[in-house]
Structure formats: C-alpha cells, structure tokens
Amino acid sequence: MRVLYERDGDVSIIRERVVAVVGYGSQGRAHAMNLRDSGVEVVIGLRPGPSFDAAMSDGFMPRSVPEAVSMADVAMLLTPDESMADVYAKAVRDNLRPGASVAFAHGFNVCYNQIPIGNGVGAFMAAPKAPGHMVRETYIAGWGTPHLVAAKPQCEHLRALAVSYAIANGGGAAGIIETTFVDETETDLFGEQAVLCGGLVELIRAGFDTLVSSGYEPELAYFECMHEMKLIVDVMNRGGVAALNESISNNAEYGEYVSGPRVIGTAVRSAMRRVLNDIRTGRYAKDFIMEGRSNSPTLTACRRAVGEHPIEAVGARLRSRMTCAHVA
Ligand code: NDP
Ligand code: MG
Ligand code: MG
C-alpha cells in the first residue's frame, strides 16, 4: 500500500477554498486552528454555548451552522456522530452551495447510511488517527498525525481535495492512507473498542484490581499498571516491540513471552472477532444510534461509574503531587 506524504499532494487546493468547520469540540478546534495556520480560510458553524465562546476566544467569529455552510466550499462536520445526521438534515444539506463538498473526520454516518451521499453532493473524509488535542499539538510540533482519506464518489477531484485537506491538517508529515468510508469506520471502531480505549482501560483496571485485591498498596499498583504504561508505549511508538525488548530487562522480556499470551489468549482473540463482527454487521451502530436517540442512558451511567473505581482516586492524588506538569 502506498502511503502519501506532503510532496504527494497539493495543499493549495484547500487553500483556494473556504472551509466551514461545523462543531468546535475535540476535533473541531484542532482542524480549525491547523487549517488556519496552513493558510486556509476557515469559518466556524456553531450554536450558542460553551464551544461558541471557545471559538471566539481563539480569534474566530463563529456563525450559525446554516450561515457558515452557505459561505463555504467544504463543510467539515465535526459534531458528535450520534446526532450528526440530524444536524446535516436540519442545517447543512439545504445550505450547501452548488458544487460544495461535505467532509467527515470519521466515516460512521456515511458507512451506516445515516447521511445519504449522492444526488450531486460529493463527500470526502480526512480522519486523523488521534484525539483532537493531539492533532493540534502534533501539528504545532511538526510531527503531524496520520490521516485516513476517502472520497465518495471516488473521483480524482474529491480524492485530491481530501489529500489536500489532510496535509493542511498536519497529515503530510506523518502519513496519509487512501481508503474507503467503510474500512475507516470498521477499523476505527474496532481499534477504539478492542485495543485503544476499551481493551486498554480494562487491561489496566484488571491488573490494578488483581494486585490490590491480593493485598498490595494501591499506590504501588497505580505506578505499575497505569503510570508506566505511557513510558512503555512511547518506546514502542518510536521503535516498535523490538525497541521495547531492547530497553527492558531480560527478565521482563522473558515474562512477556511466557505470560503475555496467557493473558491475551484464545478467549480474548475470539472476543475480538465477535466485537469486529458486531461492527461489520451494523449491530453495534444500531445500538449506538438508539443510545443517542434515548438520551444516552449507558454513557451517563458508565461515566458516573468511572470515578468510582479506586484507580481514579489514587491516580488523582499521585498525579497532583508530581512536579512535571504534563502528567498532572
Ligand atoms: P465533540 O463532542 O468533542 O464536539 C462536538 C462539537 O459539536 C461541540 O463543539 C458541540 O458544541 C458541537 N455541536 C453539537 N451539537 C451541535 C449542533 N446541533 N449544532 C452545532 N454544533 C453542535 O466531538 P468530537 O470532536 O469528539 O467528534 C467530532 C467528529 O470527529 C466525530 O465524527 C468523531 O467520530 C470524529 N473523531 C473524533 C476523534 C476524537 O478524538 N474526539 C478522533 C477522530 C475522529 P456545544 O459546545 O454547543 O455542544
Ligand atoms: Mg480513532
Ligand atoms: Mg473513533
């Protein structure tokens, strides 16, 4: 597979267009600021509220969503996935200028047919593989964030526009992969559920709980299972598992080989396949859309429960006493 970098695209394509960034949350703020710093004309579309004030204090002059969309050549939709179809139908669709494109940072609503693309409306995706504040931080640092791009219909004009947008958002420094809305959506949902968010949080909690319930101090369990995670991941991020194995002791490396597959064994691997299957059949999407329509009962209950896990209290106490600001 060919991975694209700065020289493989033309940033001037997006610089010649006005981009409406709809929503100013995690991704919205990052895209708007990165595009502005890359010389793109950006207009923010929002409703009154906390994000509106944040955009103002970052030097933007936000407008209503219909107004922002009607001024733009590209409408990048960065509102929450569960209500995006509603925002599109009520405030975006009928305000698009002739020839304007709709853009996404995640393919969910296109993949699961919540936002129908066609009838002369072209769509592209520029999906960063990082949380919004890191999309901004890595842009400033010059490393950028990897992006996945896609176009629907798959024509050269939309493809080049997507790559140009991704470069302006910092993707050209880290790598841009051309894919489809479906492949981005399915791999993104799988990654966040099985590995990055769901899998990782449960792995850390399970390790912490095992130590604490066996009589070890929670502070010790926190440093072991949570704090050191970032340090280990940073080494792999720079040099892969090989670099990690070079930096850890022979003892830790031997333990990795003999105990790792016992923890992440066949049961976990088959659970991962079931998770992927629910994503591919649309079962997960159906549940998530229902969750959004019924006022997010699961999200609300689980958010409350997060703070009740003992790792949060001990972690907050330890981090507040660390001198290095970035871990506080
Ligand atoms: P956030 O929840 O952080 O932000 C949503 C923004 O949309 C807020 O500014 C909110 O404003 C605004 N908004 C909500 N409803 C409306 C509305 N009806 N009209 C106008 N504005 C509205 O979203 P994310 O940045 O997390 O997600 C945006 C997209 O980016 C999603 O498609 C997501 O999948 C994708 N993505 C997210 C990543 C992430 O790390 N967060 C990573 C990669 C992709 P208000 O303050 O008024 O509520
Ligand atoms: Mg993701
Ligand atoms: Mg995601």
Side-chain angles (χ1 to χ4, degrees), residues 1-11 13-14 19 21-23 25-32 34-35 38 40 74-81 84 101-115 117 122-139 143-200 237 272 275-276 279-280 282 284-285 288:
M1 160 174 278
R2 187 164 164 240
V3 180
L4 309 176
Y5 297 93
E6 212 115 8
R7 62 179 176 279
D8 301 310
D10 179 2
V11 74
I13 299 172
I14 196 75
V19 176
V21 170
V22 179
S26 178
Q27 289 294 321
R29 179 171 190 271
H31 289 229
N34 291 353
L35 292 178
S38 293
V40 180
V74 171
M76 171 51 97
L77 306 188
L78 297 173
T79 59
D81 291 316
M84 193 182 278
S101 314
V102 188
F104 299 85
H106 177 37
F108 189 89
N109 279 283
V110 175
C111 175
Y112 296 111
N113 297 315
Q114 301 300 298
I115 298 183
I117 296 300
F124 72 84
M125 180 182 69
K129 297 280 94 189
H133 74 280
M134 290 308 297
V135 175
R136 179 62 181 157
E137 271 183 38
T138 57
Y139 177 95
W143 314 324
T145 293
H147 278 58
L148 303 192
V149 296
K152 192 173 179 183
Q154 287 179 324
C155 60
E156 181 51 29
H157 151 74
L158 283 170
R159 194 200 72 83
L161 186 57
V163 173
S164 182
Y165 185 106
I167 292 173
N169 202 26
I176 299 167
I177 292 177
E178 289 188 73
T179 180
T180 62
F181 279 87
V182 171
D183 281 6
E184 184 277 338
T185 302
E186 292 176 354
T187 55
D188 186 78
L189 292 175
F190 176 78
E192 64 204 18
Q193 291 177 26
V195 183
L196 304 172
C197 309
L200 183 60
N237 189 271
M272 283 188 173
V275 165
L276 182 59
I279 292 166
R280 293 171 78 157
Y284 166 80
F288 181 64

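Small disclaimer: the values here were computed from a predicted structure and weren't measured. Computed over heavy atoms, backbone and side chain alike; hydrogens, waters and symmetry mates excluded.
When every heavy atom of H157 is checked against every heavy atom of S101, the shortest pair comes out as NE2-OG, 4.5 Å. Across all non-hydrogen atoms, the minimal contact from A174 to T145 is CB-C, 3.5 Å. The two residues K152 and V110 come nearest to each other via the heavy atoms CD-CG1, 3.9 Å. Nearest heavy atoms, A126 versus A162: CB-O, 4.4 Å. When all heavy atoms of M125 and H106 are compared, the pair lying nearest together is SD-C, 4.1 Å. The minimum heavy-atom distance between S26 and G132, with the atom names listed, is OG-N, 3.0 Å.
For S164, the side-chain hydrogen bond (donor to acceptor under 3.5 Å, both in side chains) criterion is met by no residue, not counting sequence neighbours. In this structure A151 satisfies the side-chain contact (heavy atoms from CB on, under 4.5 Å) test together with L158, sequence neighbours excluded. Residues satisfying the side-chain hydrogen bond (donor to acceptor under 3.5 Å, both in side chains) test with D188, not counting sequence neighbours, are K129. Annotation: ring pair (Phe, Tyr, Trp, His ring centres under 6.0 Å) contacts of Y112 (sequence neighbours excluded): F108. Listed by chain and number, the residues in a side-chain contact (heavy atoms from CB on, under 4.5 Å) with A105 are H31, L78, P128 (sequence neighbours excluded). Residues meeting the side-chain contact (heavy atoms from CB on, under 4.5 Å) test with D183, sequence neighbours left out: T179, T180. Legend: residues meeting side-chain contact (heavy atoms from CB on, under 4.5 Å) with D8, ordered by chain and number and at least two apart, are R2, L4, Y5. Remark: S38 engages Y139 in a side-chain hydrogen bond (donor to acceptor under 3.5 Å, both in side chains) (not counting sequence neighbours). Scored by the salt bridge (charged side-chain N to carboxylate O under 4.0 Å, His left out) test, E178 finds R159 as partners (sequence neighbours excluded). By the salt bridge (charged side-chain N to carboxylate O under 4.0 Å, His left out) test, R7 pairs with no residue at all, sequence neighbours left out. Every side-chain hydrogen bond (donor to acceptor under 3.5 Å, both in side chains) that D10 has, sequence neighbours left out, goes to S12.
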Residues V149, F124; criterion side-chain contact (heavy atoms from CB on, under 4.5 Å); working and verdict: CA-CA 7 Å; V149 296; F124 72 84; over 6 Å; no

- request: Start with the C-alpha gap between L161 and I14, add the side-chain angles, then the distance that decides, and say whether side-chain contact (heavy atoms from CB on, under 4.5 Å) holds.
  value: CA-CA 6 Å; L161 186 57; I14 196 75; 3.9 Å; yes

query: Checking side-chain contact (heavy atoms from CB on, under 4.5 Å) for the pair D81/F288: CA distance, chi angles, key distance, verdict?
result: CA-CA 9 Å; D81 291 316; F288 181 64; 4.3 Å; yes

message: Set out, in order, the CA-CA distance, both residues' side-chain angles and the distance that settles side-chain contact (heavy atoms from CB on, under 4.5 Å) for E186 and V182, then state yes or no.
response: CA-CA 6 Å; E186 292 176 354; V182 171; 3.5 Å; yes

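If you take CE on M84 and OG1 on T79, they are separated by 4.0 Å, rounding to the nearest 0.5 Å. Of the inter-residue distances, the one linking L189 atom CG with R280 atom CZ reads 12.5 Å to the nearest 0.5 angstrom. Atom OH of Y165 and atom CE of M76 lie 3.5 Å apart (nearest 0.5 Å). Taken to the nearest 0.5 Å, the CD1 atom of I167 stands 4.5 Å off from the CD1 atom of I176. E184 contributes atom CD, which lies 8.5 Å from atom SG of C111 (distance to the nearest 0.5 angstrom).
For E192, the CD atom is densely surrounded, since the number of other residues' heavy atoms within 6.0 Å is greater than 12.
For the pair E137 and W143, the minimum side-chain heavy-atom distance is 4.5 Å or more. Side-chain contact between Q193 and Y284 is present, with at least one heavy-atom pair separated by less than 4.5 Å. I177 is not listed as a side-chain neighbour of H147, based on a closest heavy-atom distance of 4.5 Å or more.
For the pairing with L77, the side-chain contact (heavy atoms from CB on, under 4.5 Å) check across I115, N109, V21 returns one residue only, I115.
A distance-only check finds no donor-acceptor pair linking the side chain of N169 to the backbone of N34 [under 3.5 Å].
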